[in-house]
Amino acid sequence: MSSADNSPVECPSFETLSLSLEDGIATVSLNNPDKANAMSAAMWRELQQCFEWVDSEPGARVAILNGEGKHFCAGIDITAMADFIPRHTKDQQRINEQLRLNIKRLQGNLTAIERCRKPVLAAVQGACIGGGVDMICCADMRYASRDAYFTIKEIDLALTADVGTLQRLPHLIGRGQANELALTGRRCEADEAQQLGLVNRVYDDSAQMLEEVRKLAAGIAAKSPLAIRGTKEMLLYSRDHSVEDGLNYVATWNSAMLHQQEMFKAAMSKAQTPEFED
């Protein structure tokens, strides 16, 4: 890797997240293990702030999203639910409008993970429930330890999941399988999650998982950042558009973004990994 400025990058600090940057890899850790990394109001806000920082920081080429402690994420912190319910008026229509705006804001908090131009690899151990599933559906790749399990819990709370799972999960595992998980709220264990395509690989324990995911991230970080960012952009665009639209977009993208010197450098570097500017 190469950068115009090799000085250490100072990462922002957060109340509910831990963030580090090393060798082009940003590691974002949910950091509320005493509550199984339940998503407080602060965590929702900070996830967006954090991934917007990763997106804008040239030295960050790829991100790993994991959770501290035994569980990845227990979903929304029920005690924080009151923060999302409007109370400033008794006018029901205005309450409803504000609630809609609050839901849209929460959607945006997680969509920042998907919109981050750098690939995001989610590493899941233990419970991944409700909002945790919404979160990992925004990642580009998902990995799990053997003890991981996934639950779309909203249906058991008399809620319709509303921050991304119902929109993204069918693209990952197919509509029929997504329908079953969403309508039953049942647990999906790690091995089944791999069979369905929700996770790419399952590892024996969280330590092995993080070691292997970091190796994958390092491989991505070593490649041309322009090519990586373009590939992520095309994959997301093609998910939501026709084949013809996708082909037209990538033709336009490469006509503007194709870097001939980096292509030559990549093709000619046989003995060692080429270095690319951030």
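When reading the values below, keep in mind they use all heavy atoms of this one structure, side chains included, and skip hydrogens, waters and symmetry mates. Everything numeric here is computed off the predicted structure, so don't read it as measured data.
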So, does [X] use its side chain to make a donor-acceptor pair with the main chain of [Y] at under 3.5 Å?
X      : Y      : result
Lys153 : Gly75  : no
Asn200 : Tyr143 : no
Gln125 : Asp147 : no
Arg239 : His171 : no

Heavy-atom side-chain contact between [X] and [Y] under 4.5 Å:
X      : Y      : value
Leu19  : Phe51  : no
Met141 : Ile220 : yes
Leu181 : Phe150 : no
Asp134 : Met39  : no
Ile25  : Arg214 : yes
Asn37  : His71  : no
Arg186 : Glu180 : yes
Leu30  : Met43  : yes

Take atom [atom1] of [X] as the centre, draw a 6.0 Å sphere, and report whether it contains more than 12 heavy atoms from other residues, nucleotides or ligands.
X      : atom1 : value
Arg105 : CZ    : yes
Lys35  : NZ    : no
Arg117 : CZ    : yes
Glu97  : CD    : no

Is there a chain of hydrophobic side chains (I, L, V, M, F, W, Y, each step under 4.5 Å between heavy atoms) that links [X] to [Y]?
X      : Y      : answer
Ile76  : Ile152 : yes
Val243 : Leu236 : no
Tyr149 : Leu183 : no
Leu110 : Val54  : yes
Leu172 : Ile113 : yes

Calculate, to the nearest 0.5 Å, the distance between atoms [atom1] and [atom2] belonging to [X] and [Y] respectively.
X      : Y      : atom1 : atom2 : answer
Cys138 : Arg115 : SG    : CZ    : 10.0 Å
Ile155 : Leu157 : CD1   : CG    : 9.5 Å
Gln167 : Cys137 : CD    : SG    : 10.0 Å
Glu46  : Leu17  : CD    : CG    : 5.0 Å

Go through the side-chain N and O atoms of [X] and [Y] and say whether any donor and acceptor fall under 3.5 Å apart.
X      : Y      : answer
Ser29  : Asn31  : no
Glu244 : Asn248 : no
Asp191 : Gln195 : no

Checking Leu99 now: which residues fulfil side chain to side chain contact (heavy atoms under 4.5 Å, CB included) with it, not counting sequence neighbours?
Ile85, Pro86, Ile103

Candidate list Leu196, Ile173, Thr151, test side-chain contact (heavy atoms from CB on, under 4.5 Å), partner Cys188, passing option
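The single option meeting the side-chain contact (heavy atoms from CB on, under 4.5 Å) with Cys188 is Leu196.
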
Pair Leu21-Trp53, side-chain contact (heavy atoms from CB on, under 4.5 Å): steps then yes or no:
CA-CA 11 Å; Leu21 177 60; Trp53 181 86; 4.0 Å; yes

Given Glu212 and Lys215, is the side-chain contact (heavy atoms from CB on, under 4.5 Å) satisfied, shown in steps?
CA-CA 5 Å; Glu212 294 301 320; Lys215 289 178 183 177; 3.3 Å; yes

Set out, in order, the CA-CA distance, both residues' side-chain angles and the distance that settles side-chain contact (heavy atoms from CB on, under 4.5 Å) for Val202 and Arg146, then state yes or no.
CA-CA 6 Å; Val202 175; Arg146 189 73 58 188; 3.6 Å; yes

Give me the ring orientation class for Tyr237 and His241: parallel if the planes are under 30° apart, tilted from 30 to 60°, perpendicular past 60°.
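It falls in the parallel class, under 30°.
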
Applying ring-ring contact (aromatic ring centres under 6.0 Å, His included), which residue pairs with at least one partner in residues 196-218 are found, sequence neighbours left out?
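Of all non-adjacent pairs touching residues 196-218, none passes ring-ring contact (aromatic ring centres under 6.0 Å, His included).
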
